[in-house]
Amino acid sequence: MLESWVVVLASFGYIGLLFAIAYWADRRKSQGRSVIASPVIYSLSLAVYATAWTFYGSVGRAAHDGVGFLPIYIGPTLTIVLWWFVLRKMLRVAKQARITSLADFIASRYGKSALLGGLVTVIAVIGILPYISLQLKAVASSFQIVFQYPELVMPQEGGVMPTLDAGPMPILKVTAFYVAMFMALFTIAFGTRHLDVSERHEGMVAAIAFESIVKLVAFLAVGIYVTFFLFDGFGDLFGQAAARADLAPLLTPLGQPGALANWSWMTILSMLAILFLPRQFQVAVIENVEERHVNTAAWLFPLYMLAINVFVLPIAFGGLLVFSQGGLDPASFVLTLPMSRHMEALTLLVFVGGISAATGMVIVETIALSTMVSNDLIMPLMLRWRGGRLAQRADLPQLLLNIRRGAIVVILLLGYFYFVVAGEAYALVSIGLVSFAAVAQFAPALLGGLYWKGATRNGALAGLSAGFAVWLYTLLLPAFAKSGWFGMEVVMDGPLGIALLKPTQLFGLTGLDQTTHAMIWSMVANIAAYVAVSVTGRQSAAEHSQATLFVDVFTQTGERGGHWRATTSVSALQTLLGRFIGPARAAELFTTYAKVRGLKSADELEADANLVAFAELQLAGTIGAASAHTIVATVAQEEALGIDEVMTIIDEASHVIAYSHKLEQKSQELERATRELRAANERLTELARLKDEFVAAVSHELRTPLTSIRAFSEILHDHPDLDAGERQRFLGLVIKESERLTRLINQVLDLAKLESGLAEWRTVDVDLRELVADAVGATSQIFKAQHVSVEATLPARVSLVRADRDRVMQVLLNLLSNAVKFCEPERGRVEVRLAQSDDATVRVDVADNGCGISREHQQVIFEKFRQVGDTLTQKPAGTGLGLAICRQIVSRLGGRLWVESEPGRGSTFSFTLPVAQAPARVAQAAE
Ligand code: ADP
């Protein structure tokens, strides 16, 4: 038999188990083996989203309008897509600035504004009260229902209980009060056990993750029971429902007017809620251990949502079919269905699951809210009234704890009062939506703050106030009116009978449900005020620097302590920090800080801007950014960014730019120099190679005549009795070889001079007709001796050329002597032709009818020491340097030397020379 005492014992036993888990997790944490450092635990803790509202309320809503409960779960699933951008950025910022709560986050973004933090806190507390009252109502109701077991009696009919002097009070409300007070005790025990008041609570997160499992198992259990035991599976259940005229419409929810708009807005609303409900912010951002846990949560959390929603419709329809006589609140179906069949164990499991869902929400939500209240409301007020003297108190950590504990009790009491005052007016789901709409007001300031640097503190204040005012007017006021606290006329006819101002149909907007209507108007007011005031106003320096810190969180690195000027000592800073977080912890932090910077101990630290910023950050983790800033300001001065500093910064920047410009120039010059050096080096290597070849060739060529001279001289020396004729012949050979040697050395020197560019050039205007005639004249003896005819064809007039007379003569002589050399005696004919080839050049041809040169040798002969043909007979006649020298000379003078030849039919060597510049200088033919 499910007696009351069993139920109470089970409840306390369950709570005891939660404590054990929390205690164990805290122990593990202090041993450095955190249990919550797991993506699965992180995902489960996010499931604190599913509260008693999900557990009982979803079925209630589904029984009224079918799948209408779904947007509340579709929204968060859609938000997952945004997590990668938004949540990751929030996490990064929160970790860097040691954010302690949602209010702290927003205050910090807008220049650590205490006013803004306070406003956010007030909105959060008031906005969440309905939600907390909902949990109290659900838990109290579930108690009432199971206490009546095996009867099925709804709590409202549970009778009244006499109280001391306030007159009779419904039992439900009394139960709710006890529930509220017990929950306050749990929360205090969970969230404020340690003197070390830091932003994170490992034990609590572990307990919450466990609760998520319990509520899921309980809900699935009852779902499976209803679907597969009370009915024959989904098909049977939905089939029976579809057959009933009153239930069939629930299966087609989008058929109703305005349904699509309601759905869309409800989805958006819950998308925002999953990000901005204080408890979601607490578990998702503040309690997050590692950023990458988000990756797992991105699929595991939606999966959890799906699992806990699968059986909502079956249970709703099951309840409607089983209790077709009516009279039961659909929100109680989860409990009453197993009760009606006397399933005691299942009933108890469901009951515990409900408690799980409710306590999880209440604990996290109240801890988050109490942190806000203490850090962003009470602390700033105390600092304002008591100023720096507050920091002198020795019992600060205890004071902080007490403030938080007090805040927890007050918040739960307020939740209870909301339940008493307005809790009966709406169903569970509607109460929750009121809170969703309240926290949605944080969206513009928070999201805008993450992505829009221009958003200002005043903009955030204006937006939040406007949105919250509309929320109060369109959602909270009607709730109070409906509960009879003032006349319904205001809601029905509008204030002073002005219909346009009707709270539920503002400016004539009709056809939507109340929450959607409130959402639209509050968001319009919120965003409009936020943007308008931000755009028209200006940011302070502090706001600007915080804005950059938030918006550019992914691109910034390093310490940002620059804006503090310490007016204190290291020990004073440490003592100050110690007052809030305990002296031991402060000493530990300072030592770590020193070690990280390579110092031996904290004694070596200097009280510089970075150390002050570090102390502020640690303090922020305990009392919030705004209060930490105020406290630190008592020992350090904030540096305003004056015009001088701005000028210095700009100056520095321009110096840097100029310097880097110079560097770039230098590097370009260097690059060019390197290129030139490399080219020079290549040229040198090539020259060195040529020189080696040349030296080898020269020594070879010199050796031949030297060897002959030596051989003949030795014969003459060794044989003094040689006859005179022979003697004369040998002496003649020695002389001839010596001449050859001399010529060779002269030519080598000449070529070397030409190639090195050391040769002297006496360029003058030269009449080639004269020169050619001279050359032919000079060689006539050789021609005669060889019996070769020579003939010069000279034009009547030809332009003067710009050249060195002697050098051109050298070329002509060389070509003529080659020609005669390679012609056959008697038959040989050599012709020299002079002609003006065009305006710019004059051309000379030396043609012979000698042996000719084969095609493959026509280029080779211009190289040094190259002789072709029958070397045995002809070699002694030349040096192989003649043509090389000629080509050097001609090209130096700006002309070209080449050969055209056919073997056996003679060769024609031609060269050109440039005409002297002045056209007037034309050599006239001699009359
Ligand atoms: P060399 O002093 O030995 O004549 P050159 O450089 O003047 O050296 O000539 C190189 C070679 O070119 C000669 O050995 C010969 O084989 C070839 N050569 C030059 N002129 C003629 C020509 N008019 N007819 C045929 N072969 C020639």
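All values below come from the heavy atoms of this structure, side chains included, with hydrogens, waters and symmetry mates left out. Model, not experiment: these values are computed from the prediction. Start at 1 and go down the list; that is how both ligands and their atoms are numbered.
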Apply salt bridge (charged side-chain N to carboxylate O under 4.0 Å, His left out) to residues Glu686 and Arg683 and explain how you reach the verdict.
CA-CA 5 Å; Glu686 173 65 12; Arg683 218 163 43 234; over 6 Å; no
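- Scanning Gly880, Pro903, Gly882 for the heavy atom closest to atom 1 (P) of ligand 1 points to Gly880.
- One finds a salt bridge joining Arg807 and Asp750 here, because a Lys/Arg side-chain nitrogen approaches an Asp/Glu carboxylate oxygen to under 4.0 Å.
- With a 4.0 Å heavy-atom cut-off, ligand 1 is reached by the side chain of Ile853 but not by its N, CA, C or O.
- Counting the atoms of ligand 1 from 1 in the order shown, those under 4.0 Å from a heavy atom of Asn814 are 7 (O).
- Under 4.0 angstrom from ligand 1, the non-hydrogen atoms of Lys821 all belong to its side chain.
- Ionic pairing of Arg678 and Glu682 is not present here: no N-O contact between side-chain nitrogen and carboxylate oxygen is shorter than 4.0 angstrom.
- Each of the following atoms of ligand 1 lies closer than 4.0 Å to a heavy atom of Ser907: 22 (C), 24 (N), 25 (C).
- Side chains of Phe822 and Val830 form no contact here, defined as non-hydrogen atoms less than 4.5 Å apart.
- In this structure, Tyr42 and His293 have tilted ring planes: the angle between them lies in the 30° to 60° band.
- Contact annotation for Leu815 and ligand 1: no heavy atom of the residue comes within less than 4.0 Å of the ligand.
- The N/O atoms of Ala884, backbone and side chain alike, include none that comes under 3.5 Å of an N/O atom in ligand 1.
- Contact record, Ser854 with Pro903: CA-CG, 3.6 Å, taken as the closest heavy-atom pair.
- The proximity of Phe862 to ligand 1, defined as any non-hydrogen pair under 4.0 Å, does not occur for either the backbone or the side chain.
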